[in-house]
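A short write-up of the structure that comes next.
Bear in mind the structure is a predicted one, so any value in this text is a computation, not a measurement. Each ligand, and each atom within it, is numbered from 1 in the order the structure gives. If you read the sequence from its start, that first residue is 1, and numbering goes on from there.
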Amino acid sequence: MRLMIFTAVLLGTYFAKAQYYFLGTAAPMQDGCIQLTPDQPYAEGLAYNHSPLDLTRFFEIQFDLYLGDKDEGADGITFVIHNDQRGYDAYGQWGECMGYGQFNPFSQGVGIAPSVAVEFDTYPNSVQNDPMCDHVAYLENGVSRHQESWFGSDSTYNIEDDYLHDFRFRWRPEDQLIQVFWDGREVVRRKRDLINDVFGGATQVIWGFTASTGRAHNFQYFCLRKFAGYVRVETDKNG
Ligand SMILES: [Ca+2]
Ligand SMILES: [Ca+2]
């Protein structure tokens, strides 16, 4: 009996690490969380889950995000779903693009597309139309520039506060509704025909997190809390 429990713990650790494909500075941490960037300049890290999401079905995923402990740090994290032709090797530019976007709408930089993302942005960049404080924004197709931002009407809003923040992303295909909750508050609510208007009819999408730093930096990571929904599982890992 003891041996069985010990084996289960080992397998749990193994699968927690094996669940993600890592790019750049992303790496598993000892507590089961995933580092995206170390607290160093000019870092970029991405972690994609091995199981694609099925957009024909409801899902809700909940993670804790850690954005560092220096209010003046950078640059932030994005949650992304995509079917970029580069697949699990898709990445965007560093710095203000957080590993997701391109440097600005007029440059030749490559972002992740087609895609939908939510950024948790900790550094103001006027070219991306950022407010002067930390904020959340909905993004599409590798374009970091956004017209709308959420920062709780607090012009000093700061999420680099050494706390874990509760992030939830919900997709309801029956009414094509995206909802994002941040520390329990709904910060994005958008009707969008993701399958047809963003992903060109594709229903299976890769998902994960991206982050980067620039001249300013912070330690940035994420931890799974809950997953509700269906994923395509190629082998029965629990069998
Ligand atoms: Ca801040
Ligand atoms: Ca920014």
Side-chain angles (χ1 to χ4, degrees), residues 23-26 35-47 63-82 90-113 115-167 169 180-185 187-188 190 208-223:
L23 294 172
T25 54
Q35 167 186 288
L36 290 167
T37 67
D39 188 10
Q40 293 169 7
Y42 307 109
E44 175 172 342
L46 297 90
F63 285 85
D64 285 329
L65 303 190
Y66 180 83
L67 291 125
D69 60 359
K70 297 188 296 291
D71 186 9
E72 70 283 8
D75 272 278
I77 294 174
T78 86
F79 169 75
V80 62
I81 61 178
H82 78 79
Y91 63 92
Q93 306 301 298
W94 53 273
E96 64 202 69
C97 300
M98 287 174 246
Y100 169 73
Q102 56 189 19
F103 267 111
N104 68 58
F106 316 104
S107 80
Q108 298 300 310
V110 178
I112 298 172
S115 67
V116 166
V118 182
E119 67 166 26
F120 302 91
D121 189 331
T122 59
Y123 191 89
N125 301 93
S126 56
V127 74
Q128 311 298 357
N129 201 32
D130 288 343
M132 287 306 292
C133 61
D134 299 349
H135 58 279
V136 183
Y138 173 86
L139 308 174
E140 286 188 355
N141 296 325
V143 177
S144 296
R145 188 176 168 86
H146 47 86
Q147 297 308 315
E148 295 172 19
S149 305
W150 183 94
F151 46 92
S153 307
D154 173 1
S155 62
T156 63
Y157 188 56
N158 175 42
I159 55 179
E160 300 155 298
D161 54 2
D162 204 22
Y163 281 95
L164 293 171
H165 291 269
D166 177 7
F167 161 65
F169 186 99
V180 176
F181 299 88
W182 183 241
D183 290 334
R185 288 187 277 188
V187 294
V188 173
R190 194 170 285 244
F209 291 90
T210 81
S212 59
T213 65
R215 209 159 21 88
H217 43 89
N218 253 323
F219 180 36
Q220 303 176 105
Y221 67 84
F222 69 89
C223 315

Review point. If you check every N/O/S atom of E160, which is the one nearest the Ca ion (ligand 1)?
Key: OE1
Check your understanding: Between I77, V136, T78, which is the residue that forms a side-chain contact (heavy atoms from CB on, under 4.5 Å) with E119?
Key -> T78
Review point. Under 6.0 Å from the OH atom of Y91, do we count more than 12 heavy atoms belonging to anything else shown?
Key: no
Review point. What is the OD1(D71)-the Ca ion (ligand 1)-OD2(D134) angle, to the nearest 10 degrees?
Key: 130°
Exercise for review: Starting from the Ca ion (ligand 2), count all protein N, O or S atoms within a radius below 3.0 Å.
Suggested key: 5
Point to revise | the Ca ion (ligand 1) to nearest N/O/S of D161 below 3.0 Å | key: no
Exercise for review: Could you tell me whether the Ca ion (ligand 1) has an N, O or S atom of E72 under 3.0 Å away?
Suggested key: no
Point to revise | Pairs meeting criterion salt bridge (charged side-chain N to carboxylate O under 4.0 Å, His left out) with involvement of residues 120-144, two or more places apart | key: E140-R192
Review point. Taking F63 as the fixed residue, which of F120, Y221, F79, F209 is the one that meets the ring pair (Phe, Tyr, Trp, His ring centres under 6.0 Å) rule?
Key: F209
Practice item. Indicate whether any N or O donor in one side chain lies under 3.5 Å from an N or O acceptor in the other, for H165 and D183. Key: yes
Review point. Would you say the side-chain atoms of Y66 and N218 include a donor-acceptor pair closer than 3.5 Å?
Key: no
Check your understanding: P38: what forms a side chain to side chain contact (heavy atoms under 4.5 Å, CB included) with it, not counting sequence neighbours?
Key -> T25, Q35, Q40, A43
Check your understanding: In chain order, what residues pass the side chain to side chain donor-acceptor pair (under 3.5 Å) check against W182, with sequence neighbours excluded?
Key -> Y157
